Q: 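Below you'll find the structure I mean.
Just the heavy atoms: all of them, side chains too, but no hydrogens, waters or symmetry mates, feed the values below. Because the structure is a prediction, the values reported are computed rather than measured.
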Amino acid sequence: QVRLVESGGGLVQAGGSLRLSCAASVGTFSSYAVGWFRRAPGKEREFVAAMSWSGGIPTIAGAVKGRFTISRDIGKSLLYLQMNSLKPEETAVYYCARTNSIPYRTTETDFDSWGQGTQVTVSS
């Protein structure tokens with residue numbers, strides 16, 4: 001069973017930036033789609049961004065478009081989420097996820113492997 005491990009979360013001031021990383025403890029991301037979701041306190045988990053590991057145009061949620069970028073390093077088998085201009089309301093646990101459904105959908109039920117999440121706190 002693959003295990004995804006996120007890193008890079010932390011405390012940042014509003015307007016600041018963070019870069020999250022995700023690695024697969026077993027296997028790789030090849031032939032999968034990978035993505036990021038987040039769950040804010042008291043809210044449902046929501047889609048943030050996703051892409052096919054093989055390439056192509058990523059899918060970015062409207063709320064973060066223009067500020068967040070999803071990318072991957074094929075050689076290192078790492079997935080990234082670059083987050084700029086962060087807002088306090090984006091305080092959440094951010095999760096990395098993987099799916100073998102290609103083309104993928106942006107619903108969390110389509111993703112079958114998840115990390116434990118990394119906390120991102122944006123102070124005002």
Q: Any chance you could measure Ile74, atom CD1, to Ser30, atom OG, to the nearest 0.5 Å?
A: 8.0 Å
Q: Between the side chain of Tyr104 and the main-chain N/O of Thr99, is any donor-acceptor distance below 3.5 Å?
A: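 Looks like no, no N/O pair under 3.5 Å.
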Q: Transitively linked via ILVMFWY side-chain contacts under 4.5 Å: Val93 with Leu86?
A: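 Different hydrophobic clusters.
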Q: Is there a side chain to side chain contact (heavy atoms under 4.5 Å, CB included) between Leu20 and Val120? Walk through the geometry before answering.
A: CA-CA 9 Å; Leu20 306 183; Val120 172; 4.0 Å; yes
Q: Holding to side-chain hydrogen bond (donor to acceptor under 3.5 Å, both in side chains), I want the full list of residues that pass it with Thr69, two or more places apart in sequence or in another chain.
A: none
Q: Working to the nearest 0.5 angstrom, can you tell me the gap between Arg72 CZ and Ser54 OG?
A: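 With rounding to 0.5 Å, CZ (Arg72) is 7.5 Å from OG (Ser54).
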Q: What pairs of residues pass the disulfide bond (SG atoms under 2.5 Å apart) test when at least one of them lies in residues 1-108, not counting sequence neighbours?
A: Cys22-Cys96
Q: Filter on ring-ring contact (aromatic ring centres under 6.0 Å, His included), then keep only pairs touching residues 52-72, sequence neighbours left out; what's left?
A: Phe29-Trp53
Q: Closest approach of Phe111 and Trp114, non-hydrogen atoms and distance?
A: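 The pair with the smallest heavy-atom distance is O-NE1, 3.0 Å.
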Q: Please determine whether residues Tyr95 and Leu4 belong to a single hydrophobic cluster, defined as Ile, Leu, Val, Met, Phe, Trp and Tyr linked transitively by side-chain heavy-atom distances below 4.5 Å.
A: no
Q: Let me confirm one number: the NZ-CD1 distance from Lys65 to Ile60, rounded to the nearest 0.5 Å.
A: 7.5 Å
Q: Specify the closest pair of heavy atoms between Ile102 and Ser31, including all atoms of both residues, with the distance to one decimal.
A: CG1-O, 4.3 Å
Q: I need the full list of salt bridge (Lys or Arg N to Asp or Glu O under 4.0 Å) pairs touching residues 99-110, with sequence neighbours left out, sorted by first then second residue.
A: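 As it turns out, the salt bridge (Lys or Arg N to Asp or Glu O under 4.0 Å) pairs with a partner in residues 99-110, which skip direct neighbours, are Arg45-Glu108, Arg105-Asp110.
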Q: Atom CG of Leu79 and atom CD1 of Ile70: how far apart are they, to the nearest 0.5 Å?
A: 4.5 Å
Q: Do you know the tightest heavy-atom contact between Ala23 and Leu78?
A: CB-CD2, 3.5 Å
Q: Just checking Gln119: does its CD atom have more than 12 heavy atoms from other residues, nucleotides or ligands closer to it than 6.0 angstrom?
A: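 Enclosed.
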Q: Taking Glu6 for the side chain and Gln116 for the main chain, is one N or O donor matched with an acceptor at less than 3.5 Å?
A: yes
Q: For residues 34-42, run the donor-acceptor check on the side chains, cut-off 3.5 Å, and write out each pair with its distance to 0.1 Å, sequence neighbours left out.
A:
from, atom 1, to, atom 2, distance (Å)
Trp36, NE1, Tyr80, O, 3.3
Arg38, NE, Glu46, OE2, 2.6
Arg38, NH1, Glu90, OE2, 3.3
Arg38, NH1, Tyr94, OH, 3.1
Arg38, NH2, Glu46, OE2, 3.1

Q: State the NZ-OG distance between Lys87 and Ser124, to the nearest 0.5 angstrom.
A: 14.0 Å
Q: Determine, using the 4.5 Å side-chain heavy-atom cutoff (strictly less than), whether Phe47 and Met83 are members of one ILVMFWY cluster.
A: no
Q: Please check if the side chain of Arg98 supplies one atom and the backbone of Ser113 the other of a donor-acceptor pair under 3.5 Å.
A: no
Q: Could you tell me the separation between the OG atom of Ser71 and the CG atom of Leu81, rounded to the nearest 0.5 Å?
A: 8.5 Å
Q: Return the set of residues passing side-chain contact (heavy atoms from CB on, under 4.5 Å) with Asn100 (not counting sequence neighbours), or none when no residue passes.
A: Tyr32, Asp112
